[in-house]
Amino acid sequence: MATANQRGQDERPGSGTGGAPTDLYAFAVRLRRMNGEINRLVQGFAGEHGLHATDIQALAAILDADEPMTPSGLRRHLGLTSGAVTACVDRLERAGHIRRVRESADRRVVHLHYEQDARAAARSYFRPLAEATEAARSRFGEQELSVVVRFLEALNEELSAVRSHGG
């Protein structure tokens, strides 16, 4: 990606982007900034709770799962080894964020559940993020928001297919 110096005269004053306001660079800048802001909040939560960033990703995966999450599902979702997921689940359980439950007739199947007290603590910590999201949403109509949601769904779908060079 070109740097500001490499873009030179193509940059529009005050915009921080070259080209159209919807070109790839404009999206990249805004997505990096949003990612940085969210990471700042996540790192703060992780630090306050003695967790790793990966632990927070695991909590989000457990929270957002359509069906009860298993350790193997978490391993696939996070792209970690079995040992790394076991360590992550152990940390989360020790810290009181999740509990392991054997709900199935097959006692080998373990489901991971987000503890209610921990969920309430996370909700409280991330309330400013929810409020900022609602404030931003309030600036747009339903039709515009529908397009944004479709874009984010499409981007997440594309990103889920991207594999790192190492894996």
Using modelled atom types and a 3.5 Å cut-off, is there a donor and acceptor pairing between side-chain atoms of Arg30 and backbone atoms of Ala26?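 The answer is yes, because a donor-acceptor pair under 3.5 Å joins these two groups.
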Heavy atoms of other groups near Arg33 CZ, more than 12 under 6.0 Å: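 No - once you tally the heavy atoms of other residues, nucleotides and ligands closer than 6.0 Å, there are 12 at most.
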How about CD on Gln143, more than 12 heavy atoms from neighbouring residues, nucleotides or ligands closer than 6.0 Å, or not? no
Name the atoms and distances for all side-chain donor-acceptor pairs under 3.5 Å in residues 57-72, with sequence neighbours left out.
| from | atom 1 | to | atom 2 | distance (Å) |
| --- | --- | --- | --- | --- |
| Thr70 | OG1 | Ser72 | OG | 3.2 |
| Thr70 | OG1 | Gly73 | N | 3.0 |

Salt bridge (Lys or Arg N to Asp or Glu O under 4.0 Å) against Arg137, all qualifying residues, sequence neighbours excluded: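 Testing Arg137 for salt bridge (Lys or Arg N to Asp or Glu O under 4.0 Å), a comparison that skips the adjacent residues, returns Glu134.
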Residues 113-130, side-chain donor-acceptor partners within the protein, below 3.5 Å, at least two apart:
| from | atom 1 | to | atom 2 | distance (Å) |
| --- | --- | --- | --- | --- |
| His113 | NE2 | Glu103 | OE2 | 2.9 |
| Tyr125 | OH | Phe45 | N | 3.2 |

Return the CG to CZ distance between Leu51 and Arg94, rounded to the nearest 0.5 Å.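 Reported value, rounded in 0.5 Å steps: 10.5 Å.
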Let me confirm one number: the CZ-OG1 distance from Arg75 to Thr86, rounded to the nearest 0.5 Å.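 Separation between the atoms: 10.0 Å.
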Taking the hydrophobic residues Ile, Leu, Val, Met, Phe, Trp and Tyr, and joining any pair whose side-chain heavy atoms are under 4.5 Å apart, which ones share a cluster with Phe140?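 Listed partners: Leu145.
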The remaining residues in the hydrophobic cluster of Val109, counting side-chain heavy-atom contacts under 4.5 Å among Ile, Leu, Val, Met, Phe, Trp and Tyr, are none
Please tabulate, for side-chain N and O atoms in residues 151-162, each donor-acceptor pair with protein atoms closer than 3.5 Å (sequence neighbours left out).
| from | atom 1 | to | atom 2 | distance (Å) |
| --- | --- | --- | --- | --- |
| Asn156 | ND2 | Leu152 | O | 3.2 |
| Ser160 | OG | Glu157 | O | 2.8 |

Between Leu74 and Val101, is there a shared hydrophobic cluster once you connect ILVMFWY residues whose side-chain heavy atoms come closer than 4.5 Å? no
Is it the case that one hydrophobic cluster holds both Ile38 and Ile56, taking links as side-chain heavy atoms less than 4.5 Å apart, direct or via other members? yes
May I have the step-by-step check of side chain to side chain contact (heavy atoms under 4.5 Å, CB included) for Asp90 and Arg100, ending in yes or no? CA-CA 10 Å; Asp90 287 347; Arg100 292 175 171 114; 2.6 Å; yes
Taking every non-hydrogen atom, the tightest pair across Asp55 and Arg91: OD1-NH2, 2.7 Å
